[in-house]
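Note that these values count all heavy atoms, side chains included, but never hydrogens, waters or copies made by symmetry.
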Amino acid sequence: MQETGKGRSGLINADRYLIEKYDKEGKLMGGKDEEKRNRIRTFIHAAEGTFMVHCLAITYARWFAPESMKSSRDLKKLEEGVAINVGKDLDWLNSELEGKKFIAGKHVTAADTMCLFSVQFIFARDLCAGRKVGEWKNVERWMGDCEGTESWKKAVRKTGHEM
């Protein structure tokens, strides 16, 4: 089945296009190692299909909750309940990073790039019920490793990205 280029399928196509156009060696997708490629695909999809889905529930609640919900602390209770999923997502990522520098091995891949944005978003907006990155030691280390690469620094300088 061919993807239409609309919605999420379109984003996946755009990701694929950029990777195929600029990553001639295939490093971002794990080269020819099918197991690594599958792991990378899993995390590319998890970045937006798991991490962002769960944290957006909190974001939207904050944006659209009536003042009465905010002043009664009902919003806070709702956030704490929904943030359980965000915490579980980070627990999973933390366990998957055990013994690994990056998600799929020794260098940054498309999975790291996609997931790092989602995780940065979570912590920048405190979407895990006040829990801090230090509770997930592997995630904390991985974030620093990703942000410390020359390619990441160059991309940030070029795009002006900040969270």
Side-chain angles (χ1 to χ4, degrees), residues 3 6-16 18-19 28-30 36-105 107-149 151-153 155-156 159-163:
E3 295 174 346
K6 295 181 180 176
R8 179 66 187 127
S9 297
L11 184 56
I12 292 168
N13 280 338
D15 296 345
R16 232 183 268 145
L18 291 171
I19 290 166
L28 289 173
M29 286 302 296
K36 192 179 280 189
R37 291 176 67 78
N38 285 336
R39 181 174 176 80
I40 291 166
R41 283 187 204 103
T42 296
F43 280 92
I44 286 172
H45 293 287
E48 292 185 350
T50 301
F51 301 130
M52 290 305 283
V53 167
H54 289 150
C55 71
L56 285 175
I58 300 166
T59 302
Y60 293 150
R62 287 177 182 173
W63 287 353
F64 300 114
E67 283 305 316
S68 61
M69 191 173 183
K70 294 175 186 176
S71 63
S72 70
R73 298 195 33 83
D74 286 344
L75 177 60
K76 187 79 170 153
K77 288 183 218 170
L78 175 65
E79 283 186 31
E80 289 169 359
V82 176
I84 291 169
N85 285 331
V86 177
K88 287 179 181 180
D89 297 342
L90 292 168
D91 291 341
W92 172 60
L93 179 60
N94 195 66
S95 69
E96 290 291 327
L97 288 166
E98 184 68 37
K100 294 177 184 73
K101 182 169 177 115
F102 298 107
I103 288 174
H107 65 84
V108 172
T109 66
D112 296 288
T113 302
M114 296 289 291
C115 286
L116 184 57
F117 173 79
S118 298
V119 172
Q120 287 174 323
F121 184 87
I122 289 166
F123 288 116
R125 286 162 179 74
D126 189 23
L127 300 173
C128 46
R131 296 174 70 185
K132 302 296 178 205
V133 69
E135 293 183 45
W136 297 278
K137 295 295 183 195
N138 295 325
V139 172
E140 181 178 39
R141 176 200 39 78
W142 165 77
M143 289 175 73
D145 288 344
C146 289
E147 293 167 349
T149 62
S151 58
W152 184 266
K153 290 176 189 177
V156 168
T159 63
H161 167 72
E162 61 181 63
M163 191 57 64

Residues two or more places apart in sequence or in another chain: which of them pass side-chain hydrogen bond (donor to acceptor under 3.5 Å, both in side chains) with [X]?
X: D145; result: R141
X: S72; result: D74
X: E140; result: none

Legend entry - Y60: partners by ring pair (Phe, Tyr, Trp, His ring centres under 6.0 Å), with sequence neighbours left out: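 Y60 satisfies ring pair (Phe, Tyr, Trp, His ring centres under 6.0 Å) with W63 once adjacent residues are dropped.
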
Inset, instruction - Begin from the C-alpha positions of D112 and F43 and carry the test side chain to side chain contact (heavy atoms under 4.5 Å, CB included) through to its verdict. - result: CA-CA 8 Å; D112 296 288; F43 280 92; over 6 Å; no

Partners passing side-chain contact (heavy atoms from CB on, under 4.5 Å) against [X] (at least two apart in sequence or in another chain):
X: V53; answer: none
X: T149; answer: F102, V108, S151, W152
X: A61; answer: L75, L78

Side-chain polar contacts of residues 80-93 - donor-acceptor pairs under 3.5 angstrom, sequence neighbours left out - could you list them?
{"residue": "D89", "atom": "OD1", "partner": "H54", "partner atom": "ND1", "Å": "3.2"}
{"residue": "D89", "atom": "OD2", "partner": "H54", "partner atom": "ND1", "Å": "2.6"}
{"residue": "D91", "atom": "OD1", "partner": "W136", "partner atom": "NE1", "Å": "2.7"}

Inset, instruction - Find the distance between CG (N94) and NZ (K137) and round it off to the nearest 0.5 Å. - result: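 The NZ atom of K137 is 10.0 Å from CG of N94, to the nearest 0.5 Å.
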
Legend entry - Lys/Arg-Asp/Glu bridge criterion (N-O < 4.0 Å) met for E79, K76: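 Salt bridge flag = no for K76 with E79.
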
Give the table of side-chain donor-acceptor pairs shorter than 3.5 Å for residues 123-131, with sequence neighbours excluded, one pair per line with atom names and distance.
{"residue": "D126", "atom": "OD1", "partner": "G130", "partner atom": "N", "Å": "3.1"}
{"residue": "R131", "atom": "NE", "partner": "E135", "partner atom": "OE1", "Å": "2.9"}
{"residue": "R131", "atom": "NH2", "partner": "E135", "partner atom": "OE1", "Å": "3.4"}

Legend entry - Residue pairs, two or more places apart or on separate chains, that pass salt bridge (Lys or Arg N to Asp or Glu O under 4.0 Å) and touch residues 93-102: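 Salt bridge (Lys or Arg N to Asp or Glu O under 4.0 Å) check on residues 93-102 returns R39-E96.
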
Legend entry - Set of salt bridge (Lys or Arg N to Asp or Glu O under 4.0 Å) partners for E162, sequence neighbours left out: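 E162: no salt bridge (Lys or Arg N to Asp or Glu O under 4.0 Å) contacts found.
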
Inset, instruction - Quickly, which of V119, I122, T50 forms a side chain to side chain contact (heavy atoms under 4.5 Å, CB included) with C55? Name it, please. - result: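 In the set V119, I122, T50, the residue that makes a side chain to side chain contact (heavy atoms under 4.5 Å, CB included) with C55 is I122.
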
